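Right, one structure below, let's go through it.
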Amino acid sequence: MLKKSVKDKLEQLKLKGFIRSAESSLDQMISQEASIEEFLDYCLDAELNDRINRRIERLFSQAKFRYPNARLEHIDYAAERQIKKADIHRYASCEWINDGRGLIISGSTGVGKSWLACAFGAEACHRSYSTMYFNAISLFDEIANAITLGEIKDFKKKVCTAKLLIIDDFGLGGFNQSLAPAFLEIIDKQSQSGGLLITSQVPKKLWFEQFQDPTIADAVMDRILHRSYELEILGRSYREKIFSQK
């Protein structure tokens with residue numbers, strides 16, 4: 001066991017992983033005649049792993065995923081969905097995020113776009129990328145609220161600090177056109193600092209109709225469409241399948 005004075009100092013340094021490893025392994029390593037360097041190396045590895053895990057937990061908490069348990073390894077590769085493993089592996093690398101690119105996941109309602117977006121977001125968190133998830137309607141509501149409270153500058157800064165921004169169900173419900181300039185600024189800043197993942201069941205050719213101002217529409221679409229890869233999911237709605245099986 002660790003001496004109390006040593007443990008107290010380690011606690012002051014917030015070396016929780018080191019403490020747990022030392023307390024569980026000290027006697028065994030002494031019996032195995034491990035060197036001081038081997039013991040320190042073992043405990044420091046434990047501390048580093050603990051910090052990585054705590055960071056991942058923080059990133060998941062901050063992301064606020066709709067489906068927090070979604071993982072890429074659980075993807076349904078049913079033939080009708082036409083999802084290629086090579087594409088999933090390609091985007092799972094997160095290189096597109098580093099390159100400041102986007103990923104558009106399209107498909108009809110219920111095919112699993114939101115779930116897949118959350119799975120990619122989870123992979124980004126595991127790779128230590130800060131991530132924020134928004135349903136599109138909720139995002140516009142938060143923009144409107146921030147404008148009303150005079151906090152839009154802080155809100156835009158918070159959103160754009162994320163390395164990956166996920167906007168789910170873009171194009172559904174429309175939005176107040178007074179929010180378009182703020183939305184454009186968020187998309188513009190994100191295009192300069194990280195990746196953007198958008199899901200939508202609305203055909204891209206109809207996205208322009210979301211904006212009454214064609215100038216803003218062109219600016220937003222330029223920053224989204226011209227820098228994004230696209231992944232389409234086909235097949236029947238999962239909700240329809242579940243209903244038909246009852």
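The first residue in the sequence is number 1, and the count goes up from there. Computed from a predicted model, the values in this text were never measured in an experiment.
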_Side-chain heavy-atom pair Ser130, Leu164 within 4.5 angstrom cut-off_ = no
*Mind checking whether Cys118 and Tyr133 have side chains closer than 4.5 Å, heavy atoms only?*
yes
*Among residues two or more places apart or on two chains, list those pairs meeting side chain to side chain donor-acceptor pair (under 3.5 Å) that have a residue in residues 150-160.*
Lys156-Glu185
*asked:* Could you report the tightest heavy-atom contact between Gln190 and Cys160, atom names first, then the distance?
replied: OE1-CA, 3.8 Å
*asked:* Ignoring hydrogens, what is the shortest heavy-atom contact between Gln212 and Pro214? Give both atom names and the distance.
replied: O-CD, 3.2 Å
*When hydrophobic residues are tied together by side-chain contacts of less than 4.5 Å, even through go-betweens, does Leu149 share a cluster with Phe134?*
no
_Run the side-chain contact (heavy atoms from CB on, under 4.5 Å) test against Arg223 and tell me which residues pass, sequence neighbours left out._
Leu184, Ile187, Asp188, Ser191, Ala219
_Geometric cation-pi criterion Arg101 and Tyr229, 6.0 Å radius, 45° cone_ = yes
*side-chain hydrogen bond (donor to acceptor under 3.5 Å, both in side chains) partners for Asp218, two or more places apart*: none
*Heavy atoms, side chains only, cut-off 4.5 Å: are Phe155 and Asn145 in contact?*
no
*Heavy atoms, side chains only, cut-off 4.5 Å: are Ile75 and Leu72 in contact?*
yes
*For residues 90-100, which residue pairs qualify under side chain to side chain donor-acceptor pair (under 3.5 Å), counting only residues two or more places apart or in two chains?*
Asn98-Tyr129
*Relative to the ring of Phe18, is the ring of Phe39 parallel (under 30°), tilted (30 to 60°) or perpendicular (over 60°)?*
perpendicular
*Quick one: salt bridge (Lys or Arg N to Asp or Glu O under 4.0 Å) pairs with a partner in residues 111-120, sequence neighbours left out?*
none
*For the hydrophobic clusters of this structure (ILVMFWY residues joined by side-chain heavy atoms under 4.5 Å, transitively), does one cluster hold both Phe65 and Leu59?*
no
*Tell me, please, which residues at least two apart from Asp50 pass side-chain hydrogen bond (donor to acceptor under 3.5 Å, both in side chains).*
Arg20, Arg54
*Are Phe60 and His126 close enough that their ring centers fall under 6.0 Å?*
yes
_Audit row: Ile104, Leu231, side-chain contact (heavy atoms from CB on, under 4.5 Å) steps and yes/no_ = CA-CA 6 Å; Ile104 298 172; Leu231 183 61; over 6 Å; no
*What pair of heavy atoms forms the shortest contact from Gln201 to Thr109, and how long is it?*
OE1-CB, 3.2 Å
*Give the cluster check for Ile83 versus Leu234: same hydrophobic cluster or not, with ILVMFWY residues linked at side-chain heavy-atom distances below 4.5 Å.*
no
